[in-house]
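First the proteins, then the strands, lettered A, B, ... as listed; each starts at 1. The figures that follow rest on heavy atoms only: side chains count, while hydrogens, waters and symmetry mates do not.
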Protein chains: 2
Amino acid sequence: MPLLLLKDLPRYECLIESAKEFPDLDPSAAEAYLHLLRAGDDAFSVSQRNLDEHGISQGRFCVLMLLWRSVHLPATELLGAKSCGDGPRTPAELAEGANVTRATMTGLIDTLERDGFVKREPDPVDRRMMSVRLTAKAEQFLHDFLPGHFRTTAKLMSTLSESERKTLVRLLTKISTQAAAMFGGPATVPAELATRAV
Amino acid sequence: MPLLLLKDLPRYECLIESAKEFPDLDPSAAEAYLHLLRAGDDAFSVSQRNLDEHGISQGRFCVLMLLWRSVHLPATELLGAKSCGDGPRTPAELAEGANVTRATMTGLIDTLERDGFVKREPDPVDRRMMSVRLTAKAEQFLHDFLPGHFRTTAKLMSTLSESERKTLVRLLTKISTQAAAMFGGPATVPAELATRAV
DNA sequence: CATTTATCGTTAGCCTCCTAACCGTCTGCC
DNA sequence: GGCAGACGGTTAGGAGGCTAACGATAAATG
C-alpha cells in the first residue's frame, strides 16, 4: 500500500451534507477525486502484490523497465526519454525517468547491483558518469515475470470495454494535464484564480 | 510523491509493438492501467503540496478527517465506519479506517499528540483501549485548511463536466471492484488463465 | 474459578523514500 | 593555462510505511 488512504469513501449524500458547512466543497469533484485515489491505490496494490511474490519492489521494477525500454526499443521510439542512444543509461537519466531523486536512484541501483540485476560501468568519456546496464539475469527475470504482470493488468481492466477504456484514458489525461498546470502554478490557490484559470 | 512511477508513459504504438513480443500484453488495458496510476499520482501530488504548505502529512490529515467525520457526522450517516457512537474513536478503529496497521497508527497519533492536534484518554470501561479526540487546535486547523483543500480538488476536476465525472466514477468503481475481487483471489495467476492466454 | 485464547496499544527493527551536503569532474570565461 | 561555477554520483540523516513481537487486559472455555 503506497499511500495512506481512507478505506471507506464517504457517500455522496454525506458530501452534499458537508457542502452546506463548506461552500467550497464541490460534491461531484470531491467524489471523483476520492474515487480516483482509491482506484489508483487499488490498481497499484494488485500489481504490488505480483511484484512482492517475485521479491522485487515497485521502485526496482521501474528501473528495470526503464533499462529494458532503452535496450528493446532503441531506434523505433524514444518514449519521451532524452537519451536518443541505445544501450545503458546513467543514474541521472534513470532518476529523471522514474521521477525520483538521484540519491534514491543510487540506493535502488545499489540493491539491484547487489542482487545481480544490473551492472555499473564507468563512462569512458565523462569520468563523472556511470553507465547502468541490465545483466542477463535481469533479462531472464523480465522474460519470466512480464507475461504474468501483463495478464494481471489485462484482468484488472477486463471489466471495461474497449470504448470504456478509451473514455477512461481520455478523462484521466484531462486530469493529469490539469494537475500539471496547477503544479507549475501558484503555491496557494487564491479565490480569484479558480475563475481565471483554465 | 507517494510512489515511484514512470514520468513519461509509453506511447500506444510502443505498447502494440511490445505486444508482438509479449502476447499477454493487452495494449489498451496496459494503457488504461498506466494512465490510472499516473493520474492518481498527479492528483495525489497536488493535494500533497497543499498539505505540505500547512506542515501536515497525508497520513496525519487522514487521521484528522476520520476523527472529524466521527464528530461532525455522528448520527446522520455512519460512512461505513463500524463505530456507531459519536465522539472519539480508538486507535484500532482509526487504523482500520485509514488502511494502515495499528503500529503505524500509534506513530501517527504520537506525532499528532505531540503537536497538540489530538489527545489520548484511557477508556474507563476497557482498560486496554484508548480514546483519541480532536483538540480545539485541530478543529481550528481543519476549519482554516479545508476550504482551500476543497477548492484545490474542485479546480483539479474543473476540466470535467458533471456527466464526465459521473462516467469517471462509474469506471473507477468498476476497477476497484475488480481489484478487490483479484486481491481476495488466488495469489499466483492460475494455470487456466495462463494456458488460455498462451 | 482457572486457564486458554483473542484483542489493544506499543515497541523494535527493517525498507524505501526524501533533503542537504559532499567530492570529483567537466565547462566556460579570463 | 587557471579558476569559478555547473553537474554527476554518493553519503548521511530523517520521516513514514511495514512486520513481528511484546505486556496488559478482556473474553471464552473447561
d(CG, A/Leu108; P, D/dG9) in whole Å: 14 Å
Distance test, side-chain N/O of B/Thr106 to OP1/OP2 of C/dG9, below 4.0 Å: no
Shortest side-chain distance from B/Met129, nucleotide among D/dT10, D/dG8, C/dC8: C/dC8
Whole-Å distance separating the CD atom of B/Gln48 from the C1' atom of C/dC17: 12 Å
Bending between helix ends of the helix from C/dC1-D/dG30 to C/dC30-D/dG1 [5 pairs per end, 10° resolution]: 10°
Under 3.5 Å side-chain donor-acceptor pair for B/Ser47 and A/Tyr33: yes
A/Asp110 side chain, from C-beta outward: closest of D/dT11, C/dC18, C/dC8: D/dT11
Reported NZ-to-OG distance for the pair B/Lys166 and B/Ser161, which is rounded to 0.5 angstrom: 11.0 Å
Distance in angstrom units between B/Met130 CE and D/dA24 P, rounded: 16 Å
B/Thr177/B/Thr173 under side chain to side chain contact (heavy atoms under 4.5 Å, CB included): CA gap, chis, key distance, verdict: CA-CA 6 Å; B/Thr177 303; B/Thr173 302; 4.2 Å; yes
Among D/dA20, C/dC17, C/dC8, the one nearest B/Ala92 by side-chain distance: C/dC8
Residue pair A/Glu31, B/Arg165: steps toward the salt bridge (Lys or Arg N to Asp or Glu O under 4.0 Å) verdict: CA-CA 8 Å; A/Glu31 185 191 31; B/Arg165 295 177 190 183; over 6 Å; no
Donor-acceptor contact present, side-chain A/Ser131 to main-chain A/Pro122, <3.5 Å: no
Aromatic ring proximity B/His54/B/Phe61, centre distance under 6.0 Å: no
B/Asp126 or A/Ala103, whichever maps to the more 5' nucleotide of DNA chain D: A/Ala103
Residue mapping more 5' on DNA chain C - nearest nucleotide basis, A/Thr111 or B/Arg102: B/Arg102
Protein-nucleotide distance (B/Met105, atom CE; C/dT11, atom C1'), rounded to Å: 17 Å
Whether B/Phe117 and B/Phe141 hold their rings parallel, tilted or perpendicular, with breakpoints at 30° and 60°: perpendicular
Base D/dC7 to side chain A/Arg128, donor-acceptor N/O within 3.5 Å cut-off: yes
Side-chain-base donor-acceptor pair under 3.5 Å for A/Arg127 and C/dT25: no
Under-4.0 Å side-chain N/O to phosphate OP1/OP2 contact, B/Arg114 with D/dA15: no
Residue A/Ser57, side-chain atoms from C-beta onward, closest of C/dT16, C/dT11, C/dT25: C/dT16
d(CG, A/Asp52; P, D/dG17) in whole Å: 18 Å
Minimum-distance nucleotide (side-chain atoms of A/Pro91 versus C/dT11, D/dT11, D/dG9): D/dG9
Integer-rounded Å distance: C/dC15 P and A/Leu51 CG: 18 Å
Protein-nucleotide distance (A/Phe44, atom CZ; C/dT16, atom C1'), rounded to Å: 11 Å
Given C/dG9, D/dT19, C/dC18, the nucleotide with the shortest approach to the side chain of A/Thr104: C/dC18
Chi angles and distances behind the salt bridge (Lys or Arg N to Asp or Glu O under 4.0 Å) call for A/Asp41, A/Arg38: CA-CA 5 Å; A/Asp41 194 48; A/Arg38 172 80 273 150; 3.2 Å; yes
Integer-rounded Å distance: C/dC8 C1' and B/Ile109 CD1: 12 Å
